[in-house]
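Scroll down for the structure; my scribbles are underneath it.
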Number of protein chains: 2
Amino acid sequence: MSSSITEPASAPQSKSARTRGRILDAAAHVLSRKGYAGTRLVDVATQAGLQAPAIYYHFASRDELIEEVMYVGAARVHAHVADVLAALPAATAPLDRILVAVEEHLRYELLISDYTTASIRNANQVPEPLRAKSAAEEAAYASLWRDLFAAAQDAGQLRADLDLSVSRLLLLGAMNWAAEWWNPRHRSLDDLVRTAQDMVRYGLGTGPR
Amino acid sequence: MSSSITEPASAPQSKSARTRGRILDAAAHVLSRKGYAGTRLVDVATQAGLQAPAIYYHFASRDELIEEVMYVGAARVHAHVADVLAALPAATAPLDRILVAVEEHLRYELLISDYTTASIRNANQVPEPLRAKSAAEEAAYASLWRDLFAAAQDAGQLRADLDLSVSRLLLLGAMNWAAEWWNPRHRSLDDLVRTAQDMVRYGLGTGPR
DNA sequence: CATGATTTCGAATCCTAGTTAGAAACCGTC
DNA sequence: GACGGTTTCTAACTAGGATTCGAAATCATG
């Protein structure tokens, strides 16, 4: 019930809680690949190693399951990036904070979490009622980025004429879209991170080349 | 039958051809919003102003209809951007060509075509067999961009150390993702275009600030 | 190891949506 | 304004998939 952010995959938890977690993982996996309407409980169950009806012991309905995946997806990147930023030395320059956020967002999205790609890809596909919880989370995350940009511009580290809103959305888009093409086998994540950071440094920033 | 790229919405064509076009338009509309599995023929029919079974007079199956939407979506942006580039003075600098391509891709995607957003959003959701035709088209379009980037780097207009492949994909991603958030009511498309171009000019290019 | 609670399963139900068939409506043409 | 072809409709048919139900299996604990 206390569907907090659901521990990534560590806590020893009760038997039931772990099965529940396995179902959520499976749902995230399927949802991120097949989309909202394409997510069948049979597939989720198979992936989780049980039969479809068993899902109903842990979730009231398919929609509730999906709603939670969407929420967890949004909440986790947010929490992860926020944590890393909070751990930074207070003196860290605003632009450097953005660069860190870029790196962490990309790594989390591409390495860790089916949840995040599921929530990203289905943000506009899931029916309204299911979006409430995750939308709030996304808004909060957007806010974090807005603050990062504002701080950087105040510090004169972003071009003064920059449209903060548009450039922020373009940047997030470039990163989110990476899930569509990035492939661990062909590309180094380090290169991707570096290239994205350079796009910020040189494309948005005021520093020297 | 000669499902070429299907005229955007002008040609006087036969009665039948126009209904067929209306169905395709409707399918693109629904597909871009609901995803592959969520695209119901009833919705497509309603949107096109007829009953679901009527669709079968023009298309052999739901999948065939969707396959064509995907193909047309990919083909049209490609054709549009290619045409505009071809009409440019031969002397146009490589970097300027990229800026033009950025502008045209964005305008086409956001203003003209549900097809394009449909094909973009569902590229990874549509089952393999349906992807063949559109995938080929997308590959050709990717190739166009690869050439643009290569030419610009050869001309010394892109940073020499730039990872062409990764930066190209990030740029395309930023643009494709714009369909998820850009709203004609709140944002000016001109601002978006300008900001995206600046990201290229300053973020990837070698020119002066 | 017996017992009650927890968890999962197989079978059945019900609804949705793709598809088909045949009948009507429409359209241009003589 | 009747006729043959074209286009669309209404009324089934069917399969897939969410959900429910009650029985089985599993588990923890005395």
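Only heavy atoms go into these numbers, but all of them, side chains included; no hydrogens, no water, no symmetry mates.
Test B/Leu50, B/Val30, B/Leu31, B/Asp25 against B/Val44 for side chain to side chain contact (heavy atoms under 4.5 Å, CB included) and you get one pass: B/Val30.
In this structure, the CZ atom of A/Arg40 is 4 Å from the P atom of D/dG17, given to the nearest Å. Separating the CG atom of B/Leu65 from the P atom of C/dA17 is a distance of 16 Å, rounded to the nearest angstrom. A straight line from CD1 of B/Ile66 to C1' of C/dG18 spans 11 Å, rounded to a whole angstrom. A/Tyr36 places its OH atom 13 Å from the C1' atom of C/dT16, with the value rounded to the nearest Å. Here C/dT19 presents its P atom at 10 Å from CD of B/Glu64, a figure rounded to the nearest Å. Taking atom OH of B/Tyr56 as the reference point, atom C1' of C/dT19 lies 5 Å away to the nearest angstrom. When the C1' atom of C/dG18 is taken as reference, atom CG of B/Asp43 falls 13 Å away, rounded to whole Å. Note: CZ (A/Arg18) to P (D/dC27) measures 11 Å, nearest angstrom.
Ring geometry, A/His105 versus A/Tyr141: the interplanar angle falls under 30°, so the pair is classed parallel (tilted spans 30 to 60°).
Judged by distance alone, the side chains of A/Asp63 and A/Tyr36 do bring a donor and an acceptor atom under 3.5 Å apart. Counting only N and O atoms by type, the side chains of A/Arg187 and B/Ser165 include a donor and acceptor under 3.5 Å apart. In this structure, a donor-acceptor pair under 3.5 Å is absent between the side chains of B/Arg76 and B/Ser119.
Scored by the side-chain hydrogen bond (donor to acceptor under 3.5 Å, both in side chains) test, B/Arg194 finds B/Asp191 as partners (sequence neighbours excluded).
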Original post:
Taking protein heavy atoms under 4.0 Å as touching, what does nucleotides 4-11 of chain D look like 5' to 3' if B marks base contact, S marks sugar-phosphate-only contact and - marks none?
Top reply: --SBBSBB
